[in-house]
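Naming: A, B, ... by sequence-line order, numbering from 1 per chain.
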Number of protein chains: 2
Amino acid sequence: MRAYNFCAGPAALPTAVLEKAQQEMLDWHGKGLSIMEMSHRGKDFVSVAEKAESDLRKLLNIPENYKVLFLQGGASLQFSAIPLNLLGKNNKADYIHTGIWSEKAHKEASRYGEINVVEAATTVDGKIAIADQSTWNLSKDAAYVHYAENETIGGIQFDQIPNVDAPLVADLSSSILSAPIDVSKFGLIYAGAQKNIGPAGLTLVIVREDLLDQAKPEIPSILKYGAQAKNDSMVNTPATYAWYLSGLVFEWLLEQGGVEAIHKVNLEKANLLYGYIDSSDFYNNPIAIPNRSIMNVPFTLANADLDKQFLKEAEEHHLLNLAGHRSVGGMRASIYNAVPLEAVQALVNFMDDFAKRNA
Amino acid sequence: MRAYNFCAGPAALPTAVLEKAQQEMLDWHGKGLSIMEMSHRGKDFVSVAEKAESDLRKLLNIPENYKVLFLQGGASLQFSAIPLNLLGKNNKADYIHTGIWSEKAHKEASRYGEINVVEAATTVDGKIAIADQSTWNLSKDAAYVHYAENETIGGIQFDQIPNVDAPLVADLSSSILSAPIDVSKFGLIYAGAQKNIGPAGLTLVIVREDLLDQAKPEIPSILKYGAQAKNDSMVNTPATYAWYLSGLVFEWLLEQGGVEAIHKVNLEKANLLYGYIDSSDFYNNPIAIPNRSIMNVPFTLANADLDKQFLKEAEEHHLLNLAGHRSVGGMRASIYNAVPLEAVQALVNFMDDFAKRNA
């Protein structure tokens, strides 16, 4: 049987997607080859690649003046590629700091230019929250403003898109496709695939055309957005199988009714889990309500000595990968698009039973 | 039925490997998850990753003072990563030029340091050959000497390992694991996976430990060999599914008897195809015998007007992806490890029949 998988990433994929990939593994569309055994420049793979992009454009309603790139290297390589591509002549950028991932981004960027770190994490009534934008110390001449829309480890999410003058650059690795978003408000959106898109090894970049061609001279050539856009993300051989699987996920999402429909399910899942946690004296979530992530739900037990026992018993109930990130401990349930409502219901049932037995 | 696949890359994978991946797609080893849905830091994936490395070390007899890295970005990203990691204080390197891929490598390297391009392609009796090393204009103070052991597009392969004083850096993308090689003669070996290793999206780097920690300050952090070695190639999330599939290919290779055994089959395949081409007035291969690639066999028809007809009829015989690279035209049969002897026999039979009908 398939277990319920709360892994933060590489994360659960829809079972229907894996079944289709399984069927097509040895013989894609009667061609006698796996899709991963074909040239990326042949008409078969190009049709897969184009369909994936076109479905993604539908799902996110991406305007025509944005390019969609399917790259390698992970969001972490984008931590370098973004300043190398976008810092421009001013060589300055603002980075909003809300947690571990936004910190990694600004540390890497500071190797390439003058980075103004805007401390935006605060506490409200003892809960972690994102400070109101009016308190942010933004620069006047930043080439761009960077933020992590959802902090996968902290479980902190923005409740609105920052309103800034410079192009807005967003790490959407753990929230892309979970809720509708107005792409036209961004200069650049990037996301590692391994949460809501597909398998690890693929990174999406959605970038406004006017930002394509201002790379620094020292940038490795294949990191240049302009060159990748001109070559349909095929300056060199792309991660073809990951691209194909992502395309299957996009098809599946369209079948579910698109991003609006999956967002409703995501809210239902998050409300169920946070609602239970809030009703319990045994579990606690440290984030202020407006900034709670709908994708990553960290929580602690009243008695941390029970953590191991909780994880062991959860696994026996086929509830997997609930340990919090090694840097913070506790628990974390990642409830991405591919995690069904019944998985969250099963988790809540188990949590309630465990609490009653150990209160 | 599975077709015979002569694609230069992404290339044929062993059918047995795809069958195993197919079986395990939804449920890896009874865990209720696909291997691609698991954390790269969990014990299950770590066991897969370690087994892959250990099998590769067996296959290539890799000495203990070499690190094996499983990276993203393709050999083309290594074209940047190699000079950024290895140029050191001298900031000079020699690049042996024998074709399109070694040219791409030295063009990218010249963006980072002083590159001495050694022209090593020559002609012998009207055939393309690699000039004797005594004629090479090597520098005295190069940080390293780079070469492409097998030019995938040209079909030109070195018949011996260059004997140089500086650390030797080799692009083995299209020849790794096809024949035994003495790793101890190299400073660094790199190879994109999509020919003899696994699917596109993974790049192997085998690097001597003394070369790990001399990166230039402007290098993107995740390209640093030292950091990747220290973190078991997991500075960020690696391409886990590609890594897993590569591990299955390594297991399959060990089952075939290892690199020595597959090398015998590879020689048999190459001899059969070159032997037929040489016996025919209808087909021609442009490379001098000592430098013919045992992996990539380019050939032309006596009448180029028949190229399209040849490709069309070949496809009807389930002989796929025989068109030469877009930059050179003609035909190319890539006969990597996963292409069985009977595929080459079927190709020769078809070529002979086609020649007789069109002579």
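- Within the 4.5 angstrom heavy-atom criterion, only backbone atoms of B:Ala11 (N, CA, C, O) approach chain A.
- Distance alone, capped at 3.5 Å, places no donor-acceptor pair between the A:Asp27 side chain and the B:Arg2 backbone.
- Using a 4.5 Å cut-off between heavy atoms, A:Ile222 touches chain B through its side chain atoms alone.
- Remark: A:Glu313 pairs with A:Arg357 by the salt bridge (Lys or Arg N to Asp or Glu O under 4.0 Å) rule, at least two apart or across chains.
- Not a single donor-acceptor pair under 3.5 Å links the side chain of B:Gln22 to the backbone N or O of A:Leu26.
- B:Lys195 has its side chain out of reach of A:Thr237: every pair of non-hydrogen atoms, C-beta onward, lies at least 4.5 Å apart.
- Residues of residues 316-329 of chain A lying within less than 4.5 angstrom of chain B, judged on heavy atoms, are A:Leu320, A:Asn321, A:Arg326 in numerical order.
- Between the side chain of A:Gln72 and the backbone N or O of B:Gly73 there is at least one donor-acceptor pair closer than 3.5 Å.
- Only the backbone of B:Lys31 comes within less than 4.5 Å of a heavy atom in chain A; its side chain stays farther off.
- Residues A:Leu77 and B:Pro220 have side chains in contact (heavy-atom distance under 4.5 Å, counting atoms from C-beta outward).
- Both the backbone and the side chain of A:Met36 come within contact range of chain B, each with at least one heavy atom under 4.5 Å from a heavy atom of that chain.
- For a heavy-atom cut-off of 4.5 Å, chain B lies close to A:His40, A:Arg41 in residues 40-48 of chain A.
- When heavy atoms are compared at a cutoff of 4.5 Å, B:Pro238 approaches chain A solely by way of its backbone atoms N, CA, C and O.
- For a residue to count as touching a neighbouring chain, one of its non-hydrogen atoms must lie under 4.5 Å from one of that chain's; by this rule B:Leu71 does not touch chain A.
- In this structure, no portion of A:Pro83 lies under 4.5 Å from any heavy atom of chain B.
- A donor-acceptor pair is defined here as one N or O able to donate and one able to accept, closer than 3.5 Å; such a pair exists between the side chain of B:Glu37 and the backbone of A:Leu13.
- Formation of a donor-acceptor pair under 3.5 Å by the A:Tyr112 side chain with backbone atoms of B:Glu218 is found in this model.
- Residues passing the side-chain hydrogen bond (donor to acceptor under 3.5 Å, both in side chains) test with B:Gln78, sequence neighbours excluded: B:Tyr225.
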